K.L.:
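Let me give you the structure first, and then I'll get to my questions.
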There are 2 protein chains.
Amino acid sequence: MELRQLKYFLKAKELLNFTEAANVLNISQSTLSQQIKQLEDELHVLLFNRIGKRITLTEAGEVFGEYAAQSINRANDGLLVLQDLKNLNKGKITIGVIYSMRILFARTLIEFARQYPNIKIQVVFGTTKDLLEKLNANEFDFILTFHENLKEPHLKCQALLKANMVLVTARKSALAQKKSISLDEVAQLPLALPFSGYSTIHFFVQSFSRKNLEPNICMEINDIPTLFEIVKTGHWHTILSDTSVNDPEVVGIPIDGKNMKRTIMIISLKEAYEKKAVKKFYELLASMHAKNL
Amino acid sequence: MELRQLKYFLKAKELLNFTEAANVLNISQSTLSQQIKQLEDELHVLLFNRIGKRITLTEAGEVFGEYAAQSINRANDGLLVLQDLKNLNKGKITIGVIYSMRILFARTLIEFARQYPNIKIQVVFGTTKDLLEKLNANEFDFILTFHENLKEPHLKCQALLKANMVLVTARKSALAQKKSISLDEVAQLPLALPFSGYSTIHFFVQSFSRKNLEPNICMEINDIPTLFEIVKTGHWHTILSDTSVNDPEVVGIPIDGKNMKRTIMIISLKEAYEKKAVKKFYELLASMHAKNL
DNA sequence: TAAAATCAATCGATAAAACCGATTTAGAGA
DNA sequence: TCTCTAAATCGGTTTTATCGATTGATTTTA
């Protein structure tokens with residue numbers, strides 16, 4: 001059993017197609033087939049069922065896959081550690097970010113890229129749910145998202161900042177002059193809110209429920225610029241964290257109440273090695289945030 | 001980088017001698033030398049310093065070794081899991097046991113070997129300190145030892161039983177008729193106690209201190225049968241857990257006091273895969289203990 | 001329904017890598 | 001100073017990984 005075989009196996013497990021997996025791995029289909037077979041012979045177990053020309057994962061394959069992934073991850077982390085040890089100052093960061101963090105994050109991203117030009121950065125925006133799934137699949141170094149009461153011991157959570165939830169309305173709107181707004185008033189307004197995949201909406205359903213209010217949700221949309229376009233009409237309003245509001249034609253009005261703040265967290269896998277570049281990014285995030293106070 | 005190279009590296013790291021490591025691994029010295037060099041080239045770092053004809057581990061080697069070991073362990077655990085999944089009913093258990101547990105353990109060992117003749121069992125007796133070191137080095141599946149307030153989150157601790165600490169004296173001794181004895185009385189006696197490497201002595205120093213008593217420790221000996229020989233003279237006495245007393249010429253007299261019981265624990269590594277054979281052994285230990293109540 | 005396309009397994013050949021024994025080099029020990 | 005020991009190197013052999021071609025069976029398309 002070698003790491004190479006584990007890598008082949010895991011890609012085949014992911015794609016459930018030997019031909020495609022071989023292509024992705026830059027080897028021939030016959031090589032992959034033979035290497036998988038050799039691994040199965042060594043383990044005395046079938047990792048895949050061959051049904052016609054399709055393959056499916058066996059239970060043994062599912063179980064073994066966990067260990068195979070961990071083995072490869074440990075070896076890769078060892079490599080990363082050595083790179084850090086040598087201060088090679090190169091490498092790659094992969095980050096998942098919720099849409100609400102775009103503004104502050106973009107500024108941090110730019111500054112980081114300036115300071116560390118040799119570090120490749122990959123950023124994926126998405127919902128909390130999607131980002132957590134990918135984090136658990138070791139596809140990210142960390143994600144930025146709202147605090148969600150995760151209670152998952154394999155995750156490391158660090159609070160970054162608290163964001164105020166605000167009513168977003170058109171600058172031309174009569175409401176725009178208000179310095180703050182109550183939840184009761186908000187409940188009377190026609191709202192266009194982010195899609196249910198966003199944790200934000202769940203947060204608000206709870207907030208309204210606590211006060212026996214029912215929000216008037218007319219629309220649910222999976223795109224913040226589109227929400228801004230809708231808000232600019234003056235008819236609908238939305239609710240976002242103040243970190244998201246950057247369109248000059250809209251304003252964010254603070255919503256009354258102690259529970260109208262949400263904590264943005266940095267979440268990573270406890271078992272994964274924490275690259276120096278990742279630590280540097282954390283430091284920059286914290287200092288960029290402090291600058292905004 | 002392949003698992004084979006990690007295995008070669010780790011053995012060289014352990015022995016700090018390429019020739020010896022190669023012999024143990026059943027490969028030639030030149031193969032090992034070349035494979036290590038190839039690994040170093042791939043990692044862009046020296047894992048060993050070559051000083052004349054000797055080698056020493058570099059800091060990079062030390063650091064990388066942790067990850068290499070974890071990677072190999074994960075792969076091996078995967079193999080073990082599959083064996084269990086197939087109920088191959090074979091394999092190996094390695095167990096560390098403190099001396100105090102010899103009697104109960106021996107009976108469990110014999111019964112387990114009878115029930116599972118295809119499982120190879122390796123047992124090492126030793127002190128708590130030694131056993132913990134080896135457990136942390138992944139050399140045991142689990143160890144049996146007294147509860148030590150470990151506070152090490154990577155360890156899994158299960159209570160097995162409570163052992164009574166008793167004064168061990170010669171059957172011919174005047175004390176032998178007593179049904180119990182107080183700590184004050186014990187403090188007046190010439191004692192031969194197990195060596196400081198045993199956790200037992202530390203336990204007692206604390207017990208005597210709590211009552212402002214000072215024990216009269218004349219000897220410290222690292223062998224329980226020898227302690228029995230000394231106790232049989234009638235002059236000296238010792239203190240052991242009742243699980244250790246099996247010589248017909250000595251008796252164990254219960255020592256008064258609530259704190260004269262000690263918990264025997266099963267300790268294992270949380271991250272290591274728990275073999276079915278190990279679970280079976282735990283069950284047998286528990287049932288053998290229940291039988292003795 | 002037949003033809004075409006697709007995918008995994010197999011085969012034989014080739015290329016690459018692991019391995020080995022012999023030797024060299026250099027340091028340690030007697 | 002001589003002998004011994006251990007790692008590095010070299011050239012050759014053996015083993016393994018890989019490949020392209022082909023086969024067989026299933027799926028998709030016309």
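In the text below, chain A, chain B and the rest are named by the order of the sequence lines, each starting its count at 1. Remember, it's a predicted structure, so these values are computed and weren't measured experimentally.
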K.L.:
Considering only dA8(C), dT27(D), dA8(D), which nucleotide approaches the side chain of R54(A) most closely?
P.N.:
dT27(D)

K.L.:
Taking atom C1' of dA7(D) as reference, at what distance in whole Å does atom CG of L16(B) sit?
P.N.:
14 Å

K.L.:
Could you state the atom-to-atom distance from CG of N23(A) to P of dT6(C) in whole Å?
P.N.:
12 Å

K.L.:
Kindly say whether, by distance alone, the side chain of Q29(B) makes a donor-acceptor pair under 3.5 Å with the base of dA6(D)?
P.N.:
no

K.L.:
Quick one: is dC19(C) close enough that its OP1 or OP2 comes under 4.0 Å of any side-chain N or O from N26(B)?
P.N.:
no

K.L.:
Would you say dT10(C) has OP1 or OP2 under 4.0 Å from some side-chain N or O of Q34(A)?
P.N.:
no

K.L.:
Using a cut-off of 4.0 Å on non-hydrogen atoms, how would the nucleic acid contact of L32(B) be classed: base, sugar-phosphate, or nothing?
P.N.:
nothing

K.L.:
CD of E59(B): more than 12 outside heavy atoms within 6.0 angstrom?
P.N.:
no

K.L.:
5'-most contact on DNA chain C: R4(B) or I51(B), nearest heavy atom basis?
P.N.:
R4(B)

K.L.:
Under 3.5 Å, is there a donor-acceptor pair between the side chain of Q5(A) and the main chain of E2(A)?
P.N.:
yes

K.L.:
So for atom NZ, which belongs to K7(A), do other residues, nucleotides or ligands contribute more than 12 heavy atoms lying within a distance under 6.0 Å?
P.N.:
no

K.L.:
Are T31(A) and dT18(D) close enough that a side-chain N or O sits under 4.0 Å from OP1 or OP2?
P.N.:
no

K.L.:
Answer yes or no: does atom CD of E133(B) have more than 12 heavy-atom neighbours from other residues, nucleotides or ligands under 6.0 Å?
P.N.:
yes

K.L.:
Could you tell me how far apart I36(B) (CD1) and dT9(D) (P) are, to the nearest whole angstrom?
P.N.:
14 Å

K.L.:
Would you say a side-chain N or O of S30(A) is under 4.0 Å from OP1 or OP2 of dT18(D)?
P.N.:
no

K.L.:
Looking for any heavy atom pair under 4.0 Å, which part of the strands does Y8(A) touch: base, sugar-phosphate only, or nothing?
P.N.:
sugar-phosphate

K.L.:
For atom NZ of K134(B), decide whether the heavy atoms of other residues, nucleotides or ligands shown that lie under 6.0 angstrom number more than 12.
P.N.:
no

K.L.:
Ignoring backbone atoms, test whether S28(A) places a side-chain nitrogen or oxygen under 4.0 Å from the OP1 or OP2 oxygen of dT18(D).
P.N.:
no

K.L.:
For the side chain of Q35(B) and the base of dA18(C), is some donor closer than 3.5 Å to an acceptor across the two?
P.N.:
no

K.L.:
Mind calculating the distance between NZ (K53(A)) and P (dT26(D)) to the nearest angstrom?
P.N.:
10 Å

